[in-house]
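Below, chain A is the first sequence line, B the second, and so on; all start at residue 1.
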There are 2 protein chains.
Amino acid sequence: MQAKYIQIKNAITGHIEDGSWLPTEKIPSENELAEQFGVSRMTARRALDELCAAGFLVRSQGLGTFVADRRPMSSMLEIHNIAEEIADRGHAYSCRVAKLNRVSSDKRKAILLSVQEGQEIFHSTLVHFESGIPVQYEDRYVNPVFAPDYGLQDFNVQTPNVYLSSVAPLTEADHIVEAVLPSKAIAKSLKMDHSDPCLKITRRTWSKKGVVSFAYLYHPGDRYRLGSHLNF
Amino acid sequence: MQAKYIQIKNAITGHIEDGSWLPTEKIPSENELAEQFGVSRMTARRALDELCAAGFLVRSQGLGTFVADRRPMSSMLEIHNIAEEIADRGHAYSCRVAKLNRVSSDKRKAILLSVQEGQEIFHSTLVHFESGIPVQYEDRYVNPVFAPDYGLQDFNVQTPNVYLSSVAPLTEADHIVEAVLPSKAIAKSLKMDHSDPCLKITRRTWSKKGVVSFAYLYHPGDRYRLGSHLNF
DNA sequence: CAGTGGTCTAGACCACTGG
DNA sequence: CAGTGGTCTAGACCACTGG
């Protein structure tokens, strides 16, 4: 005898897999599922919670539960999704958008994005906060061919990373990790001392058709580490 | 106001991270935790369920809940071998052994190596050079159970990494990457300025039967970077 | 046997969303 | 406002483990 919550999970993934519930579509509410399956709301919730953790569903308080529009990403990539990482730690995530505009690409940026020198590209800078404390300064350049509406986004709703993944599914990424001293402007944004070290990650991401974006991510050395969950 | 189950999760991971609850150790039962935190059993369960899903705990019906004996592996860094890396770039590799002796393990080292506090362990420090320029300071501790002859090796012939892999085949590794300022001694060994940033990698390696070794690897920020290329 | 985790109920109050 | 998901309670019965 299967547990009831497992039967409900199988029924839901069945609907998703056979296409009767399409990506982004709203699915029945907790109360509706509880009634349909003749279980308590807590049992219906358990099925939804687990499918949500597995990346099949997305839930939003006050709105409902929806079929996820993308498959769960690889765990390697999740290491670099700052908003998710902070939420997973149970801390409050927030961000401040400092810049969002178009710039003309100089030679180096043109090469990195595989565009013509002088072509207009998007430029954004953001500061990401964990429980109100700045933990990442993001300096990003985006190829407008893959994300023509990048300049209109509200990154308080969806981080650049998540938005770009939705418009141009990620197929490849490339990282460089190094230790540097921050510029004065970056030190100020991160509320750290100019003489304290920063962990800098340079990241380029590809979609099937080319380079979507590259970003310089700066983290205060004493507030951010890459790797496993060990603490000493 | 944090949710109660998140407070309980943080309390538990705190005990694990500070070493007061060791791997494979039994932790309080659901009922005990519920009483300690003044919550219902379902709320205590939720904290345990999520930590179990995250790989921190292992549960067994009828037996209890235990601290997982190995941490989730960090797949972000491949095991890299500095000598090979330098040779691959076509440069001359050399190293200088600064220390090679036995020390008594203090509490932190004992926990990291999964040995009894006070047990003798090997300690070595080396500097690795690329074409005569120092690029890595290696500060390593080794469990003598897996490598009883570690103290007799000539690391100019074979790096500690390669020697250890030959006597205790590597099955797992764990990394932390961070940006720090070097101590004066390390700065001097690396011929770098005390105020320039260092990329620090803390690495633990496992063989089938347990933790073989852990090492702190310091690299001058302007002479060393970590890179990776991922395909999804 | 007493204790453990596994499942489940029928309620409750809350924060949030849209209309 | 009614409906949604988010958290939480105080019970219940079960399968399983060790002694």
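Taking for each of M42(A) and G64(A) the nucleotide of DNA chain D with the nearest heavy atom, the 5'-most of the two is the partner of G64(A). Residue whose closest nucleotide on DNA chain C sits further toward the 5' end, between E32(B) and R45(B): E32(B).
Atom CZ of R59(B) is separated from atom P of dA15(D) by 19 Å (rounded to the nearest Å). At whole-Å resolution of the value, CG in L33(B) and P in dG5(C) are 8 Å apart. Distance D49(B) CG to dT7(D) C1': 15 Å, rounded to the nearest Å. Atoms CD (Q2(A)) and C1' (dC8(C)) sit 16 Å apart, rounded to a whole Å. Between the CG atom of L63(B) and the P atom of dC16(D) there is a distance of 13 Å, rounded to whole Å. Straight-line distance from the CG atom of L48(B) to the P atom of dT7(C): 14 Å, rounded to whole Å. Whole-Å rounding puts the K9(A) NZ to dG6(C) C1' distance at 14 Å. The CD1-C1' distance, from I8(B) to dT7(D), rounds to 12 Å in whole Å.
Of the candidates dG5(C), dG5(D), dC8(C), dG5(C) carries the atom nearest the S29(B) side chain, counting heavy atoms from C-beta on. For K26(A), whose side chain is taken as the heavy atoms from C-beta onward, the closest listed nucleotide among dT4(D), dA10(C), dG6(C) is dT4(D). Checking dC8(D), dT4(C), dG5(C) against every side-chain atom of Q61(B), the shortest atom distance belongs to dG5(C).
Pair assignment for dC16(D) gives dG3(C), based on Watson-Crick or G-U wobble hydrogen-bonding distances that are each under 3.5 Å.
Annotation for P134(A) and F129(A): closest pair N-CD2, 3.5 Å, computed over non-hydrogen atoms.
In summary, the side chains of N161(A) and T159(A) do not present any donor paired with an acceptor at a separation below 3.5 Å, with no hydrogens or angles considered. With 3.5 Å as the limit, one finds no donor-acceptor pair spanning the side chains of N31(B) and S29(B).
Here T43(A) reaches the OP1 or OP2 of dT9(C): one of its side-chain N or O atoms lies under 4.0 Å away. Distances shown here put every side-chain N or O of T65(A) at or beyond 4.0 Å from the OP1 or OP2 atom of dT4(D). At the phosphate of dC8(C), neither OP1 nor OP2 sits under 4.0 Å from any side-chain N or O atom of Y5(A).
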task = List the steps, then state whether salt bridge (charged side-chain N to carboxylate O under 4.0 Å, His left out) holds for R46(B) with D49(B).
result = CA-CA 5 Å; R46(B) 176 160 183 188; D49(B) 277 342; over 6 Å; no

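Counting distance only, with no hydrogens placed and no angle test, the side-chain atoms of R41(B) and the base atoms of dG6(C) include a donor-acceptor pair under 3.5 Å.
Aromatic ring centroids of F155(A) and Y150(A) lie under 6.0 Å apart.
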